[in-house]
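Along the sequence shown, residues carry numbers from 1. From a predicted model like this one, the values you see are computed outputs, not experimental measurements.
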Amino acid sequence: MVSTRLVLARTCTVFEGVLKWAPSTCAVLRPSQLLLQASCRLLSVGIIDHAKHREPSGKKVLSEKKLKRHFVDHRRVLVRGGSGGSGMSCFHSEPRKEFGGPDGGDGGNGGHIILRVDQQVKSLSSVLSQYQGFSGEDGGSKNCSGRGGATLYVQVPMGTLVKEGDKIVADLSNLGDEYVAALGGAGGKGNRFFLANDNRAPVTCTPGQPGQERVLYLELKTMAHAGMVGFPNAGKSSLLRAISNAKPAVASYPFTTLNPHVGIVHYEGHQQVAVADIPGIIRGAHQNKGLGLSFLRHIERCRFFLFVVDLTLPEPWTQVDDLKYELEKFEEGLSERPHVIIANKIDLPQARARLPQLQARLGQEAIALSALTGENLEQLLLHLKELHDAHIEAELEQGRQPLRW
């Protein structure tokens, strides 16, 4: 009995701080039951403690299909400016002052709706389908005017084109550009405004005017220095992953990339070159075959091109001719912009054998590289830097500010 009580007392003392058992519970349990419950409870406490201190799992990488839901490059927006506040009709009231006169204040003006370029916004997915401006407050007595409605700013990505019907009304292609989408209505006048020599006690006041209402069409055209153009499965996404920190989806089936991706290539002196991975173009894209026009409009803003050719296909030189033809049919002079030809997948034997034929047919040098193994990427980066420097020099000569990221 003495030994049993000693074990029981020690066991209760050990687990009292952890499990908070009452002394009455220990008194009615046998030592074997006490040790079994203590071990089970310690195991449960350990599991709970591990769950509390477990590190949160990393952010799940979204697939290209899910990313497509968040990328929007066109939007129809209904904007209404704020209505103006109504004027007040009242008269001054003061003891021993019988004819105080009118003192109704004017209503406040309605707030405008302004589109503003924000560099952190990359898509039109955050733009709503309609916006209503803030209305002005009504005028008050004692000649107090109503407060004007606050201006509503809508953040849009750089490269947004604003259309009203078929007419282009604004091109927001620079950082900080703004466009007044809808004007707020004017505030109404109080009866103090109508005071005149022939009308010393006017009771007339006017209501506020409604705000401007417009239907605008926003269209995003990707802003980048260089645009990678090629047929599906040419290796554009793999090449962008190799030269920048961008992570577009890569797979062995065509049209893996469904939306444009922009990667930044860093050079010495804090220079940055933006390279856009344009989704694959097919023959007849200028006639809107497939998703032709929705892809081609992202190429218009690119200053120079990187034509990516798949060397594993027979007669790879025909790819360059077809790509230039589609660009020229979409917009005249687009194919004449500065460009460089990239012969990808040089790591495969059949591709290396076709390289001399490609260079002979084109009549110009093609950069042979492998986006998978990283072979000869340095030559591409040097050519990219030369094209970027030539573009900056040409922009400065024409008095325009070059695109900076």
Item to check | Distance in Å, Ile342 CD1 paired with Leu306 CG, rounded so as to fall on 0.5 Å steps | outcome: 4.5 Å
Item to check | Ala182 backbone acceptor or donor facing Tyr131 side chain under 3.5 Å | outcome: no
Checklist outcome for this item: Residue set satisfying salt bridge (charged side-chain N to carboxylate O under 4.0 Å, His left out) with Glu395, at least two apart, ordered chain then number -> Arg400
Checklist outcome for this item: d(Asp103 CG, Met88 CE) to nearest 0.5 Å is 9.5 Å
Item to check | Where at least one partner belongs to residues 343-359, residue pairs that pass salt bridge (charged side-chain N to carboxylate O under 4.0 Å, His left out), sequence neighbours excluded | outcome: Asp310-Lys345, Arg352-Glu375
Checklist entry - Which residue pairs satisfy the salt bridge (charged side-chain N to carboxylate O under 4.0 Å, His left out) criterion with at least one member in residues 144-158, sequence neighbours excluded? => result none
Next on the checklist: Can you list everything that forms a salt bridge (charged side-chain N to carboxylate O under 4.0 Å, His left out) with Asp321? Sequence neighbours excluded, please.
Outcome noted: none
Checklist entry - So, the side chain of Glu219 versus the backbone of Lys163: is there a donor-acceptor pair under 3.5 Å, distance only? => result no
Item to check | Partners passing side-chain hydrogen bond (donor to acceptor under 3.5 Å, both in side chains) against Thr373 (at least two apart in sequence or in another chain) | outcome: Ser370
Item to check | Arg76 side chain to Leu218 backbone, donor-acceptor under 3.5 Å | outcome: no
Checklist entry - Considering only heavy atoms from C-beta outward, does the side chain of Gln350 approach that of Thr312 to under 4.5 Å? => result yes
Checklist outcome for this item: Interatomic distance, CD@Glu328 vs CD@Glu336, rounded to 0.5 Å, equals 5.5 Å
Next on the checklist: Once side-chain hydrogen bond (donor to acceptor under 3.5 Å, both in side chains) is applied, do any residues pair with Asp118, and if so which ones, sequence neighbours excluded?
Outcome noted: none
Checklist entry - Does any N or O in the side chain of Arg75 come within less than 3.5 Å of the main-chain N or O of Val127, such that one atom is a donor and the other an acceptor? => result yes
Next on the checklist: Minimum heavy-atom separation for Val162 and Leu115, please, with both atom names.
Outcome noted: CG2-CD1, 3.9 Å
Checklist entry - For Glu178, what residues pass the salt bridge (charged side-chain N to carboxylate O under 4.0 Å, His left out) criterion, not counting sequence neighbours? => result Arg116
Checklist entry - For Gln319 and Asp322, does a side-chain donor sit closer than 3.5 Å to a side-chain acceptor? => result no
Item to check | Asp138 (side chain) donor-acceptor with Ser86 (main chain) under 3.5 angstrom | outcome: yes
Checklist entry - More than 12 foreign heavy atoms under 6.0 Å from NE2 of His266: is that the case here? => result yes
Next on the checklist: Which residues pass the salt bridge (charged side-chain N to carboxylate O under 4.0 Å, His left out) test with Lys142, not counting sequence neighbours?
Outcome noted: none
Checklist entry - Where do Lys324 and Ser335 come nearest, in terms of heavy atoms and distance? => result O-CB, 3.5 Å
Next on the checklist: Looking at Gly84, is its backbone amide N or carbonyl O close enough to the side chain of Asn109 to form a donor-acceptor pair, meaning the two atoms are under 3.5 Å apart?
Outcome noted: no
Checklist entry - Taking C-beta and beyond as the side chain, do Val275 and Val262 meet within less than 4.5 Å on heavy atoms? => result no
Item to check | Residues forming a ring-ring contact (aromatic ring centres under 6.0 Å, His included) with Phe304, sequence neighbours excluded | outcome: none
Item to check | Partner set under side-chain hydrogen bond (donor to acceptor under 3.5 Å, both in side chains) for Glu94, not counting sequence neighbours | outcome: His92
Next on the checklist: Apply side chain to side chain donor-acceptor pair (under 3.5 Å) to residues Gln379 and Glu365 and explain how you reach the verdict.
Outcome noted: CA-CA 12 Å; Gln379 186 179 358; Glu365 183 183 0; 3.0 Å; yes
Checklist entry - Would you find a donor on one side and an acceptor on the other, under 3.5 Å apart, between the side chain of Ser244 and the backbone of Leu240? => result yes
Please set out all donor-acceptor pairs under 3.5 angstrom arising from side-chain atoms of residues 201-216, sequence neighbours excluded.
from   : atom 1 : to     : atom 2 : distance (Å)
Thr206 : OG1    : Lys189 : N      : 2.6
Gln212 : OE1    : Leu183 : N      : 3.0
Glu213 : OE1    : Arg80  : NE     : 3.4
Arg214 : NE     : Glu164 : OE2    : 3.4
Arg214 : NH1    : Tyr179 : OH     : 3.0
Arg214 : NH1    : Ala181 : O      : 3.0
Arg214 : NH2    : Glu164 : OE1    : 2.7
Arg214 : NH2    : Tyr179 : OH     : 3.0

Checklist entry - Listed by chain and number, what are the side-chain hydrogen bond (donor to acceptor under 3.5 Å, both in side chains) partners of Asp389, not counting sequence neighbours? => result Lys385
Next on the checklist: I'd like to know if the side chain of Asn199 and the backbone of Ala196 have a donor-acceptor N/O pair within less than 3.5 Å.
Outcome noted: no
Checklist entry - Is His383 reaching over with its side chain to a backbone N or O of Leu381, donor-acceptor style, under 3.5 angstrom? => result no
Checklist entry - Does Thr160 reach the main-chain N or O of Pro157 with its side chain, forming a donor-acceptor pair under 3.5 Å? => result yes
